[in-house]
Asker: 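First, the structure itself, so that you have it in front of you.
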Amino acid sequence: MRLCCDEMLARLGRWLRAAGYDTAIAEGGIADATLIARCAAEARILVTRDRHLAAAARGRVTVVRLAESEISTQARALRVALGADWQFAPFTRCLVDNTRLDPAPPAMAAQVPPLSRAAGGPLRVCPECGRLYWLGGHVRRMLARLAEWSVP
């Protein structure tokens, strides 16, 4: 499932990336027609809160229009609308640029804070931007939230 969140849902888009979904996030100010064309060209489902954008895209691309304003209710609505599994493939994509993460070379472990390094866990790197990901307290909290959103 390939998704595209409009700029109003950028935060939800980053959470979808955290769950492992290939999720584009529209840049601020992009024209509706350009966004719809991108979704069509890349076979992406458009996720939006904008009723005008949803109406313009309907029939051209698959659209999910969310009425919810809070992230937790948006996540649950996506689970219902698309069958989104919030524990699909956690932390396998870069939260910044959506690139699939690679295992990090052992030498990069020196960049991880000592307490997190001692806890162990996989170390991943984004081949596009070089951002390093490790299993720290923030990841454990995010995993708990993803698990919460997976409960019907």
Asker: State, with a plain yes or no, whether a side-chain heavy atom of L101 is found less than 4.5 Å away from one of T92.
Answerer: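 No, side chains not in contact.
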
Asker: Sub-3.5 Å donor-acceptor pair from the side chain of R79 to the main-chain atoms of W149, do we have one?
Answerer: yes

Asker: Can you tell me how far the CD atom of Q111 sits from the CG atom of L132, to the nearest 0.5 Å?
Answerer: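 Between Q111 CD and L132 CG, I get 5.5 Å after rounding to 0.5 Å.
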
Asker: Sequence neighbours left out, what passes side-chain contact (heavy atoms from CB on, under 4.5 Å) with A57? Give chain and number order.
Answerer: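 Counting only residues at least two positions away or on another chain, A57 forms a side-chain contact (heavy atoms from CB on, under 4.5 Å) with I36, L46, V61, V63.
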
Asker: Can you name the nearest heavy-atom pair linking C4 to R44, along with the distance?
Answerer: CB-CD, 3.9 Å

Asker: Under the rule for salt bridge (charged side-chain N to carboxylate O under 4.0 Å, His left out), what residues qualify as partners of E128, not counting sequence neighbours?
Answerer: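 Salt bridge (charged side-chain N to carboxylate O under 4.0 Å, His left out) list for E128, sorted by chain: empty.
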
Asker: Going by side-chain contact (heavy atoms from CB on, under 4.5 Å), name the residues that satisfy it together with L135, two or more places apart in sequence or in a different chain.
Answerer: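 Listed in chain order: V139, R140, L143.
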
Asker: So if you build clusters from Ile, Leu, Val, Met, Phe, Trp, Tyr with side-chain heavy-atom gaps below 4.5 Å, do M1 and L35 land together?
Answerer: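 No, M1 does not connect to L35 through the hydrophobic network.
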
Asker: State, yes or no, whether a side-chain contact exists between R100 and D22 at a heavy-atom distance under 4.5 Å.
Answerer: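 No; the side chains remain at least 4.5 Å from each other.
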
Asker: Work out which heavy atom in R124 is nearest to a heavy atom in P90; give both atom names and the distance.
Answerer: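 Result for this residue pair: NH1-O, 4.2 Å.
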
Asker: Any side-chain to backbone donor/acceptor pair from R93 onto N98? Under 3.5 Å, distance only.
Answerer: yes

Asker: Would you say W134 ends up clustered with V125 if hydrophobic residues are merged whenever their side chains have heavy atoms under 4.5 Å apart, either directly or through other cluster members?
Answerer: yes

Asker: Is any side-chain heavy atom of S69 closer than 4.5 Å to a side-chain heavy atom of R49?
Answerer: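 Of all side-chain heavy-atom pairs linking R49 with S69, at least one is under 4.5 Å.
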
Asker: Which atom pairs, donor and acceptor, lie under 3.5 Å between side-chain atoms of residues 7-18 and protein residues at least two apart or in another chain?
Answerer:
residue, atom, partner, partner atom, Å
E7, OE2, G29, N, 3.1
R17, NE, T23, O, 2.8
R17, NH1, L95, O, 3.0
R17, NH1, V96, O, 3.0
R17, NH2, T23, O, 3.0

Asker: Do the side chains of I25 and L82 join up, straight or via other hydrophobic residues, at under 4.5 Å, putting them in one cluster?
Answerer: no

Asker: Side-chain heavy atoms under 4.5 angstrom apart, residues restricted to Ile, Leu, Val, Met, Phe, Trp, Tyr: same cluster for W86 and L66?
Answerer: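 Yes: a chain of side-chain contacts under 4.5 Å links W86 to L66.
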
Asker: By the ring pair (Phe, Tyr, Trp, His ring centres under 6.0 Å) test, which pairs, at least two apart or in different chains, include something from residues 19-60?
Answerer: Y21-F88

Asker: Do V112 and Y133 share a hydrophobic cluster, counting only Ile, Leu, Val, Met, Phe, Trp and Tyr and linking them when any side-chain heavy atoms are less than 4.5 Å apart?
Answerer: no

Asker: Quick one: which residue pairs count as a salt bridge (Lys or Arg N to Asp or Glu O under 4.0 Å) with a foot in residues 142-152, not counting sequence neighbours?
Answerer: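 Counting only pairs at least two positions apart or across chains, the salt bridge (Lys or Arg N to Asp or Glu O under 4.0 Å) contacts touching residues 142-152 are R76-E148.
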
Asker: Using a distance-only test with no angle check, is there a side-chain donor-acceptor pair under 3.5 angstrom linking D50 and T48?
Answerer: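 T48 and D50 do not have a side-chain donor-acceptor pair below 3.5 Å.
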
Asker: Spell out, as yes or no, whether a donor-acceptor pair under 3.5 Å connects the side chain of R131 to the backbone of C94.
Answerer: no

